[in-house]
Amino acid sequence: MRRRIVSTLTLKAWRDVLAHKGQFISLIVLVSLGITSYVTFQNGYHDLAASLEQAYSTLRFADLTVRVERMPLSAARDIARIDGVAAARVRTVRDVGLELENGDQATARIVSTPGPSADVNAVHVEQGRFPAHDARDEVLLSPQFATDTKTRVGDRLVLRIGGERVAVRVVGIGTDPEYLYALQSEGDLPSPGSFAVVFVTERTVEHLLDTSGSGNDVAVRVKAGFDPARVADEVERRVRPYNPISTAMRDDMPGHVGLQSELDQNRLMARSMPALVLIISSMSLFIALSRLVQAQRGEIGLAKALGYGDGQILAHYLTIAAIVAIGGSALGVGLGLWGAQGIAASYVSLLGLPFLTSGFYPHVVAIAVGLAFVSCLAAAAVPAWSSARLAPAVAMHADPNRSLAGGRIPIAERLLSPVLPRSFTVRVPVRNVFRARRRSLYTVLGIAFAMVLSVTTVAMFDSIDHLMDKAFTEVERWDVMAAFSVPFGEARVAEVRRIAGVERVQKAFIMPVTLSARGTDKDVVLTAMAPDADFHGFTPAGGAAPFDALAAGDLVLSASTARQLGLVPGASVAVDSPLVDDPVLMRVGALSDEMLGQPAFVSLDAAAKLIGSQVTEYNALYLDADPRRAERIQDELYDMPGAASVQVKAGLVERLTSMLELMDFFGTVLLAFGSALAFVVVFTTFTANVTERTREIATMRTIGEDNAHLTIMITLENLLLALAALPLGIWLGVKATDALFASFTTESYTLKAYISPGSILRICLLMLLVLLLSEIPPVRRIFRLDLAEATKVME
Amino acid sequence: MPSDDLVVLRDVRKVYRMGDVEVQALHVRELTIRRGEFVAVLGPSGSGKTTLLNLVGGIDAPTSGQILFDGEDISGFSDRQLTLFRRENVGFVFQFFNLIPTLTAEENVRFAVDLASRDGVPPDRDPKALLAKVGLADRVSHFPKQLSGGEQQRVAVARALAKNPKLILGDEPTGNLDFRTGKLVLSALRDVNRDEGAAVVLVTHNMPLAAIADRVLHIRDGEIASVEINERPVAPEDVTW
Ligand SMILES: Nc1ncnc2c1ncn2[C@@H]1O[C@H](COP(=O)(O)OP(=O)(O)OP(=O)(O)O)[C@@H](O)[C@H]1O
Ligand SMILES: [Mg+2]
């Protein structure tokens with residue numbers, strides 16, 4: 001008997017699913033969206049990591065390199081015999097000049113290599129071929145530079161070596177594992193147009209650089225199971241006769257570090273993005289299933305009256321939830337695996353990896369299916385349990401929607417009433433909004449959740465744009481900045497002022513210092529400048545006005561530094577400068593909210609104490625300049641003795657922007673998810689709204705209301721609810737963005753969620769469009785309603 | 001001078017098709033409902049009573065045959081025409097009341113007044129007066145769920161009156177009510193029929209109720225089996241069952 005009851009309920013579960021096909025399909029799609037995003041991003045990440053690993057192993061990436069003054073090529077054999085070394089190769093690595101078509105000069109890094117067959121750092125040829133071993137002017141060029149400068153196979157490059165111009169021919173495009181991600185030095189932003197890697201044979205390098213059987217670098221691959229650091233020690237010992245200069249483990253190689261940081265970012269995204277999608281889809285699922293169960297309260301009461309137990313009823317709804325979970329995870333895993341291929345392929349090509357490995361990762365699928373089940377079962381269990389516990393009579397009479405506060409007309413509605421048109425076409429929707437409160441709440445929450453993902457995506461971009469915009473217009477108020485490793489005096493300042501295009505020169509002395517207060521130390525970069533210098537914009541965050549503080553000889557600290565050291569304006573802090581023996585006590589005069597890094601500022605006069613003498617020399621210049629001449633000015637500055645780095649703000653902005661391309665890519669994918677999610681959630685909500693009221697709407701139609709007016713009423717009601725939902729959705733989205741940022745904010749930059757008014761407008765319009773589109777299917781249902789049927793059934 | 005016939009059915013059939021099986025729910029060779037007439041429809045469950053009402057009220061279309069309302073054939077009407085037809089001519093009272101849950105009693109009635117006035121018919125009906133007529137003067141601002149079943153049904157009657165219809169259709173309006181409340185609803189219908197001249201077609205399972213009608217149709221297996229004319233209709237207050 002018991003078994004029979006259970007199977008009847010299982011049958012009912014299937015019937016329910018079939019009877020509400022549209023609803024269930026959208027629930028399944030909802031679940032699948034979360035699962036799809038999880039599988040897509042996770043699988044994409046694993047594919048990317050595997051692709052990188054494959055490139056490293058196929059191209060036999062060195063575990064370490066040691067730079068020396070000069071060593072014979074034959075010394076490699078000796079090093080290869082070290083315990084733990086799989087292979088070693090002596091090569092030449094040298095930076096030379098490279099003439100660009102516009103007359104500027106780029107850096108070319110010449111790297112000698114036997115080519116694709118090398119047993120350490122083999123090259124991968126993408127296009128053309130590797131230089132012939134007997135040729136003397138053939139080179140293989142790195143793809144990033146080739147793409148950026150539109151250099152093709154067959155083109156000539158002019159190198160500047162020791163004052164001479166030497167022409168070489170590009171016979172192929174490709175790279176080795178060390179330069180997959182072509183960075184000149186660590187911490188650089190990629191600047192594909194100004195850094196080329198030129199791979200040449202030993203014969204060619206001998207011709208170009210006169211190396212005669214020697215090299216200046218040894219690349220070593222370590223056997224599996226050996227500790228590269230220990231091997232490195234031994235290699236260093238063996239190369240001592242050749243005057244070693246530096247050793248680089250993989251973690252010191254700029255390209256590897258760059259790729260790792262891309263991979264790390266990707267992993268972060270692959271975790272936080274699906275988490276967001278999953279949270280939103282679970283919330284929406286929860287609401288949708290709650291409504292479904294609510295709507296079936298009558299049936300639940302009936303089932304209980306017939307003698308079904310609470311557990312059986314719970315099992316019934318869990319069965320339905322399991323059906324949704326199975327459907328959702330099947331669809332989600334399928335779509336996710338398909339999407340992951342796309343993501344991995346685009347990412348691999350964006351990063352310029354030579355291989356694409358796509359794998360199947362059972363643990364990703366297992367976690368995805370687990371997540372689908374947990375979220376579905378949890379979403380169903382709560383409302384099902386609370387309904388099952390109702391007394392049968394209460395359940396049978398319980399009304400899902402008529403939760404009118406004590407049967408009184410809500411005050412808000414009464415206040416609104418006098419200004420509304422008399423027409424019921426306007427009044428009924430307004431009344432529904434205030435009176436069918438549960439439905440209104442579900443709808444508002446539904447629409448708001450539906451927006452969160454899109455809002456978050458847009459807000460992420462807006463926030464970064466906003467940060468960049470503020471950083472480069474309000475904070476960094478200069479056009480060209482030059483840092484010198486050798487300090488200079490006023491003569492140099494005057495010289496710079498004379499460069500054509502330079503409008504104004506501000507000087508500064510920048511030094512690393514250690515701040516200490518209450519036993520806490522903090523290393524910061526201290527800029528000494530004239531109190532009225534304005535190349536850096538402050539965002540006052542306490543204390544005196546920053547410029548007054550500087551004029552008074554006090555420090556201006558970034559608010560986050562002050563927080564870390566427990567300092568308030570007026571407090572004293574010990575400043576330890578490398579230029580004087582004892583720390584100097586200084587007063588904190590003002591705080592500033594800094595977005596990038598944790599800079600500190602002081603006046604040139606006050607800095608005397610930290611330098612040990614009156615400041616008459618400087619090591620940094622901030623120029624206002626004609627932007628069209630910025631590049632020229634940069635070249636002239638670089639030609640000055642001791643110039644360490646010269647930055648053109650416009651170029652910096654451009655490079656940062658191009659780095660954001662990867663973000664754009666994620667953003668596009670996320671927006672697609674966001675829109676799909678919004679549509680499904682709003683559609684589910686509206687369909688439930690209409691389904692729940694089938695009888696009411698059928699009655700209206702029966703007594704003579706026409707489709708047009710009904711459509712207006714429903715649209716008006718939805719728009720009114722949207723009016724409440726849009727601000728809530730935007731607020732939730734911005735909060736979610738903040739939470740997301742909190743997960744990847746570091747000391748070096750502080751991101752605050754920001755969304756521009758334009759984006760808000762666009763999102764609202766987009767949502768209204770989604771709203772109107774999602775309304776179509778339920779409204780069509782109304783048009784097709786069988787009045788005879790709908791008015792006779794009991795609810 | 002309009003004819004005395006309000007509704008005329010000629011050879012009307014309603015066939016439901018479910019897969020290969022056809023069910024003939026109703027076949028009426030000839031039926032006329034006159035203005036101001038009170039007709040009761042009696043018959044066992046599944047005999048076709050509701051089907052008849054749905055066809056006459058324009059919420060369902062016949063498979064074949066003609067339905068003339070005020071001389072106009074509504075059987076070929078489009079959805080839009082049927083909507084206007086119902087709005088202007090027919091008042092419905094359902095077995096399950098079907099009030100709009102988010103509107104108060106008065107607003108439920110006003111909704112119908114509003115509808116009727118949309119096409120230029122003067123909204124001369126005061127919802128409060130209509131509710132008073134069915135004995136609910138002191139319940140105007142109650143929501144349906146705050147009303148008893150009988151009260152809800154009387155609001156439904158008031159709503160049906162709102163447009164001053166030529167025809168009121170009631171499908172077992174007392175089916176869910178107790179004896180005393182049922183009689184109140186019937187009185188309300190009878191009064192409307194008397195005072196406003198609206199024809200009433202009342203479907204019921206209850207033989208004794210038919211005593212209040214001018215004419216009683218007996219339906220069996222989708223066909224009108226017999227017609228009985230009541231020379232002396234009983235006042236609803238005097239019916240017993
Ligand atoms: N939508 C439908 N599809 C198929 N058959 C239908 C449909 N609606 C009604 N029927 C059939 O038509 C016949 C007449 O139905 P109708 O609803 O008119 O009966 P009724 O006299 O009102 O019965 P009751 O007194 O039980 O309300 C029945 O046999 C019924 O099964
Ligand atoms: Mg019936």
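On a predicted model such as this, the values are computed, not experimentally measured, just so you know. Chain naming here is simple, since letters A, B, ... match the order of the sequence lines and numbering starts at 1 in each.
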- Is there any ring-ring contact (aromatic ring centres under 6.0 Å, His included) pair reaching into residues 409-431 of chain A, and which pairs are they, with sequence neighbours excluded? A:Phe424-B:Phe111
- Hey, could you give me the CG/CD1 distance between A:Leu787 and B:Ile59, rounded to the nearest 0.5 Å? 6.0 Å
- Between A:Arg435 and B:Leu103, what is the shortest heavy-atom contact and its length? NH1-CA, 3.7 Å
- Task: Count the heavy-atom pairs under 4.5 Å between each of B:Ile100, B:Asp60, B:Asn54 and chain A, then report the option with the highest count.
- Result: B:Ile100
- Message: Quick check: do A:Phe434 and B:Thr102 have side-chain heavy atoms less than 4.5 Å from each other?
- Response: no
- Rounding to 0.5 Å, atoms CZ (B:Phe94) and OG1 (A:Thr702) come to a distance of 4.5 Å
- Message: Assess, by modelled atom type and distance only, whether the side chains of B:Thr83 and A:Asp706 contain a donor and an acceptor separated by less than 3.5 Å.
- Response: no
- Is it true that atom CG of B:Asp221 has more than 12 heavy atoms of other residues, nucleotides or ligands lying nearer than 6.0 Å? no
- Message: Out of the candidates B:Arg87, B:Arg159, B:Arg86, only one should pair with A:Ile703 under the side-chain contact (heavy atoms from CB on, under 4.5 Å) rule; please name it.
- Response: B:Arg159
- Under 6.0 Å from the CE atom of A:Met283, do we count more than 12 heavy atoms belonging to anything else shown? no
- Just give me the residue among B:Asp79, B:Thr51, B:Thr104 that pairs up with chain A most often, heavy atom to heavy atom, under 4.5 Å. B:Asp79
